[in-house]
Amino acid sequence: MTKNVRVRFAPSPTGPLHIGGVRTALFNYLFAKKHNGTFVLRIEDTDQNRYVDGAEAYIIDALNWCNIPFDEGPGKNETFGPYRQSERKHLYKQYADQLIDSGHAYYAFDTSEELDAHRKNHEAQGKTFIYNWHNREKLTNSLSLSKEAVEERIANGEDYVIRFKSPKDELLHLTDIIRENMTIDTNVLDDKVLFKSDGMPTYHLANIVDDHLMEITHVIRGEEWLPSLALHYQLYNAFGWDVPEFAHLPLILKPTGKGKLSKRDGDKLGFPVFPLQWTDPKSQDVSRGYKEEGYFADAMINFLAFLGWNPGTEQELFNLEELISAFDLERVNKSGARFDPDKIKWFNHHYMQEQDNDILAESFKQSRTELEAIDVAYVAMVVGLIKERATFISGFWNLSSYFFMSPETYDEKASKKAFKDGTKDLMNELVSIINTIENFEVDTLQAEIKGWITSNEIGFGKVMMPLRLALVGALQGPDVFDIMYMIGKAETLKRIENVINTL
């Protein structure tokens, strides 16, 4: 690839960034880094009626948390700024005028009431109203009005839009990296609105102008923009500009595989659809985020990469550098990708094992008041013993509480299984053995206790099950000798004596 690759992620600040938007940003980021290119963030806020305070900051925070920060954008390396479309609105009128002058666009003065009447009239006849070549010269626009009448209407302050003049009887040959070659008959296209008399462009014009001015080489976006591809191709050609390469990513589907994933699906099935927690500034409703739910950013990124892409191998676990190296748009699927909430938990469990115990211990300590006075080094040792069975830090306490306090109850089913006739006598003997052990290290404990069991030909389960029950309160947890070493000799003896007295 000879040209300097420049891609952009261009969300609208109308609310929190959906997981599908994060996937689009990720694929742009991976492609840019793979080709030593630039990842641009542009905020497409032309629709001021839907603008939501805090949404732009949320988008930036989400990208940063995911470790896919933009190279160029609002407040950062503003080579082609500004990067908010609302701050660029002075640019667009000249390009709309350029299309008018070249005959590729025209003024339209039809009111919403007039257009609504046309739609209803067509529906009554079983037809669909499309504003294009077959009726535009019969409607109220600069193609049907005289030049003087058009100038007069504009001078009088009448509302108007500027529409693209889609050609008649032409075949457009479009190319998409993922979907390959497509042919579109221009007769089925409508004349899209490009510019409004309030001075604001529509998405289509602003998008094309900004991509051109920012020298975007590849447009990687969601499948929902595929119907706009024909218009965008025509706009590039009308301006005489080079057309960037396009790649339309497949939809992220509901866990059932039917329909596009929505917030409602997450609420219904109990998983987030946003990277970070979001509080609606108007309603104060709180939407859960993957970060706050205890997911690691690396796990989410690894999971999202496989929603629509595959490396062509059996490998599933990739760090970011490996994803960059392996990523190829030609290996992105055309068909939708099913969102699997259990799969992202699987990834999170893996990345839990990769985390530094000291860092996990700090987070664990902060999450439980019971640990405030506990030395973080001890907590880190506990984390090292139990994290193999954990998916989230929030699950640490249930897996490890017995390292910090004696069990107050004993699992009923486990008690019946562990305590039989003669168990009390064996536990009293075990107390005597433990009292003789001076070096309370794991290896010594294991050698002494297993030696006593073997030499007396006692079944291991007859000792180890009630011992575990005494230490943990249930038949679970890491190696018994690790637990004994961690809680110490005095606490070990106390717990064994307590289980003898209780059961």
Side-chain angles (χ1 to χ4, degrees), residues 352-353 355-390 393 395-411 414-415 417-419 423-456 458 460-503:
M352 173 70 78
Q353 314 318 311
Q355 300 299 310
D356 183 271
N357 291 341
D358 292 331
I359 295 173
L360 292 175
E362 288 287 0
S363 297
F364 185 25
K365 268 196 68 154
Q366 291 169 18
S367 71
R368 303 292 305 195
T369 56
E370 299 94 335
L371 303 180
E372 286 178 359
I374 306 294
D375 182 12
V376 71
Y378 179 81
V379 179
M381 291 172 68
V382 172
V383 166
L385 291 172
I386 57 98
K387 72 177 185 180
E388 183 182 343
R389 287 170 288 283
I393 293 174
F396 281 3
W397 182 252
N398 286 339
L399 291 170
S400 69
S401 60
Y402 53 86
F403 280 105
F404 308 102
M405 56 182 64
S406 299
E408 296 178 351
T409 59
Y410 301 98
D411 180 85
S415 299
K417 187 176 181 181
F419 264 73
T423 299
K424 180 179 178 181
D425 293 336
L426 282 174
M427 289 295 99
N428 280 322
E429 283 187 54
L430 179 60
V431 168
S432 299
I433 296 296
I434 292 172
N435 269 317
T436 66
I437 301 173
E438 293 184 8
N439 180 16
F440 214 72
E441 300 285 338
V442 172
D443 291 344
T444 307
L445 289 167
Q446 185 169 313
E448 293 288 340
I449 294 173
K450 284 189 173 181
W452 164 67
I453 293 172
T454 304
S455 62
N456 287 277
I458 308 167
F460 270 86
K462 290 182 178 181
V463 175
M464 301 306 285
M465 275 202 295
L467 174 57
R468 181 177 292 280
L469 186 68
L471 301 176
V472 177
L475 298 180
Q476 63 186 45
D479 188 270
V480 164
F481 302 110
D482 285 324
I483 300 172
M484 293 173 68
Y485 166 72
M486 291 290 290
I487 65 176
K489 185 173 183 177
E491 180 67 19
T492 297
L493 291 169
K494 174 186 160 188
R495 294 188 187 188
I496 297 173
E497 288 165 357
N498 192 54
V499 82
I500 292 171
N501 295 332
T502 303
L503 300 181

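The structure presented is a predicted model; accordingly, all values stated were derived computationally and were not measured.
Here the closest heavy-atom approach between residue Asp356 and residue Asp358 is recorded as OD1-N, 2.9 Å. Here the closest heavy-atom approach between residue Met352 and residue Ala390 is recorded as CG-O, 3.9 Å. Contact between Met484 and Phe440 at its shortest, heavy atoms only, is O-CE2, 3.2 Å. Residue Ala470 comes nearest to Pro407 through the heavy atom pair O-CG, 3.5 Å, listed as atom of the first residue, atom of the second, then distance. A pairwise comparison of heavy atoms in Gln476 and Arg468 identifies O-NH1, 3.0 Å as the closest pair. In terms of heavy-atom proximity, Ala361 sits nearest to Val383 at CA-CG2, 4.2 Å.
Contact check for Trp452 versus Ile458: side-chain heavy atoms found under the 4.5 Å cut-off. Between Asp411 and Val472, every side-chain heavy-atom pair lies at or beyond the 4.5 Å cut-off. Contact check for Leu471 versus Leu467: side-chain heavy atoms found under the 4.5 Å cut-off. Between Pro478 and Arg389 the shortest side-chain heavy-atom distance falls below 4.5 Å. A heavy-atom distance below 4.5 Å is found between the side chains of Lys450 and Phe460. Looking at heavy atoms from C-beta onward, Phe481 lies out of side-chain contact with Glu448 at the 4.5 angstrom threshold. Counting only heavy atoms from C-beta outward, the side chains of Val463 and Met427 approach each other to under 4.5 Å. Side-chain contact between Leu469 and Ser415 is present, with at least one heavy-atom pair separated by less than 4.5 Å.
Lys489 NZ to Asn439 CG: the interatomic distance, rounded to the nearest 0.5 Å, is 10.0 Å. Considering CG of Asp479 and CG of Leu385, their distance stands at 9.0 Å, rounded to 0.5 Å. Taking CG of Leu503 as the start and OH of Tyr410 as the end, the distance is 6.5 Å to the nearest 0.5 Å. In this structure, CD1 in Ile393 is found 10.0 Å from CD1 in Ile359, a value given to the nearest 0.5 Å.
For Tyr378, the ring pair (Phe, Tyr, Trp, His ring centres under 6.0 Å) criterion is met by Phe404, not counting sequence neighbours. Shown here are the ring pair (Phe, Tyr, Trp, His ring centres under 6.0 Å) partners of Phe396, two or more places apart in sequence or in another chain: Phe364.
Judged by distance alone, the side chain of Lys387 and the main-chain N or O of Gln353 form a donor-acceptor pair under 3.5 Å. Within the 3.5 Å criterion, the main-chain N or O of Lys494 finds no donor-acceptor partner in the side chain of Asn498. Listed for the Thr454 side chain is no donor-acceptor partner under 3.5 Å among the backbone atoms of Gly451.
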*Show your working on side-chain contact (heavy atoms from CB on, under 4.5 Å) between Leu371 and Gln366 and close with a plain yes or no.*
CA-CA 8 Å; Leu371 303 180; Gln366 291 169 18; over 6 Å; no

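Around CZ of Phe419, the count of heavy atoms belonging to other residues, nucleotides or ligands within 6.0 Å exceeds 12.
In summary, of the residues considered (Asn428, Val431, Asn501), a side chain to side chain contact (heavy atoms under 4.5 Å, CB included) with Ile496 occurs for Val431 alone.
Here salt bridge (charged side-chain N to carboxylate O under 4.0 Å, His left out) pairs that include residues 363-383, with residues two or more places apart or in two chains, are Arg368-Glu370.
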